[in-house]
Amino acid sequence: MIPFLDLGAAYRELKTEIDAAIHRVIDSGWYILGPEVDAFEAEWATYCDAKHSVGLANGLDALVLALRSLDVGPGDEVIVPSNTYIATWLAVSTVGAKPIPVEPDPDTHNIDTTLIAPAITRRTKVILPVHLYGQPADMDPILDLARKHGIAVVEDAAQAHGARYKGKRIGAHSDVVCWSFYPGKNLGALGDGGAITTNRADLADRIRVLRNYGSRVKYVNEVQGVNSRLDPIQAAVLRVKLRHLDNWTERRRTIADHYNSALQDTGLKLTNVPIWADPVWHLYVVRSPNRDVLQKHLMDNDVGTLIHYPIPPHMQKAYSELQLDPEALPVARDLAKEVLSLPIGPQLLPEDVTHVINAIRDLT
Ligand SMILES: *Cc1c(COP(=O)(O)O)cnc(C)c1O
C-alpha cells in the first residue's frame with residue numbers, strides 16, 4: 001500500500017537527531033517556554049525573512065490571536081476564501097466577527113483577488129487569504145486593496161512553509177502571518193504546534209502577551225489572554241526538522257514535476273502555477289469530474305488519496321447560522337466534488353510515484 005503520507009518514515013529518517021533534541025529538553029528540567037522556544041522563534045523568523053516570530057500551541061490559535069491583536073471582534077467582517085480548511089473561518093467566528101466568503105480562481109484554487117473589492121464594506125476589518133495547498137495567493141492586489149481601504153491583512157500560511165511570492169518567502173508580506181506545525185504539514189511537529197511571524201513589533205508583542213494568560217510578568221495580567229504556548233519539546237523537534245525543510249521541499253518539487261509532466265494528457269485538471277508563484281506542494285491536487293471513480297480505482301491499486309476538502313465551510317452544519325445558500329458559492333461547492341489529493345511527501349519513493357502515475361493512466 002502506498003500511503004497518502006508516511007509520517008513514521010519522516011521520523012525514522014531523522015530519528016537520531018530528533019531523539020537527542022527531545023532528551024535535551026527532558027534533561028534540562030525546563031518544560032514551558034524557555035530557551036528552546038526562544039531559539040526556534042529566532043530561527044523560524046530568520047527562515048521566513050520576518051523580524052519577529054511567536055510560538056503558539058497550534059495554527060488555529062495563531063489565526064485567533066492574530067485577529068485579536070488587530071482588535072477584530074463582534075460587528076466586524078473578515079474576508080476569507082470560500083474554499084479552505086474550516087480553521088480559517090473558525091478563527092473569525094471565534095473572535096465574534098463574521099466570515100465573508102470570496103470564491104477562488106478554480107485554476108489556482110486560491111482566492112480570486114478580482115472578487116475581493118465588491119465584498120468590502122464599512123465593517124471589513126481584515127482580508128484573510130490562505131496560501132492553499134502550498135501555493136501563494138496573489139498578495140499584491142490584496143495588499144493594495146487593504147492599503148486603499150485602511151484595513152489589515154492576515155495570511156493563513158498553514159500549508160505554505162518556505163513558499164515564495166515574487167521571490168520573497170511567505171512570512172511578512174502582510175500584518176501577521178499564521179503558521180501551523182500540525183504533524184502532516186510541510187514543517188510538522190510530533191504533536192500540535194503553531195506560530196505567527198510579522199515585521200510589526202507591536203503585534204508580535206500583543207500576541208506574545210495574549211498567548212501567556214495576558215501576562216508579561218508572572219501573576220500580573222494586562223489583558224484577558226489564553227494559554228497557547230508552543231511546547232519546548234515540539235520546539236526542539238521543529239528546530240531539527242527546520243534544518244531539513246529546504247531539502248524536503250526539493251523532494252516534494254521533484255515529485256510534483258514528475259506528476260505535472262506525466263499527467264498532462266490524462267484529461268485531469270492540474271493546478272495552474274502562476275509565473276510569480278513558487279509553491280511548496282503541501283498537497284498535489286488534481287480535478288476530475290469522475291473523482292469518486294478515480295479515488296476508488298486508486299484505492300483498488302493500493303494508492304491512498306484524500307479529499308481537501310469534501311465539504312466547504314459554508315455547507316457545513318457548523319455554519320448553518322450564517323444561512324449561506326450553497327448556490328451562492330458555486331465554485332467552492334463544485335471544487336469540493338472534483339478535487340483529489342495524490343500521495344506526496346519527502347519520503348515517497350520515485351517508484352511509488354511511477355506506480356501512482358501508471359494506475360491513473362490505466363483509467364484515463
Ligand atoms: C492545518 C490548517 C490550519 C489549522 O492548523 P492547526 O494547527 O491544525 O490548528 C489552519 N488553516 C489551514 C489552511 C490549515 O491547513
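Numbering of ligands and ligand atoms starts at 1, following listing order. Positions are given from 1, in the same order as the sequence printed here. Remember, it's a predicted structure, so these values are computed and weren't measured experimentally.
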Could you tell me whether some N/O pair between Val130 and ligand 1 is separated by less than 3.5 angstrom?
no
Suppose we measure from atom 14 (C) of ligand 1 to each protein heavy atom; which comes out shortest, and what is that distance?
Lys185 NZ, 3.1 Å
Which of the numbered atoms in ligand 1 are below 4.0 angstrom from a heavy atom of Ala87?
3 (C), 4 (C), 10 (C)
Tell me whether the centres of the aromatic rings in His308 and Tyr85 are closer together than 6.0 Å.
no
Does any donor atom in the side chain of Glu77 or Thr121 lie under 3.5 Å from an acceptor atom in the other side chain?
yes
Give the residue, atom name and distance (to 0.1 Å) of the protein heavy atom nearest atom 9 (O) of ligand 1.
Leu60 N, 2.9 Å
Using a strict 4.0 Å cut-off to heavy atoms of Gly59, name the atoms of ligand 1 that fall inside it.
5 (O), 6 (P), 7 (O), 9 (O)
Short side-chain to backbone donor-acceptor contact, Arg229 and Leu56, under 3.5 Å
no
When you look for heavy atoms under 4.0 Å from ligand 1, do you find them on the side chain of Asp156, its backbone, both, or neither?
side chain
Is the shortest N/O to N/O distance between Asp192 and ligand 1 below 3.5 Å?
no
Is His282 near ligand 1, meaning one of its heavy atoms is under 4.0 Å from it?
no
Check whether any side-chain N or O of Asp76 sits under 3.5 Å from a backbone N or O of Gly73 as a donor-acceptor pair, and report yes or no.
yes
Could you verify whether a donor N or O on one side chain and an acceptor N or O on the other, from Glu155 and His131, lie under 3.5 Å apart?
yes
Are any of the N/O atoms in Thr84 less than 3.5 Å from those in ligand 1?
no
Crowding at NZ, Lys296 (>12 non-hydrogen neighbours, <6.0 Å):
no
Ignoring angles and geometry beyond distance, decide whether Ser180 reaches within less than 3.5 Å of ligand 1 through its nitrogen or oxygen atoms.
yes
Hey, are Tyr47 and Asp246 close enough side-chain-wise for a donor-acceptor pair under 3.5 Å?
yes
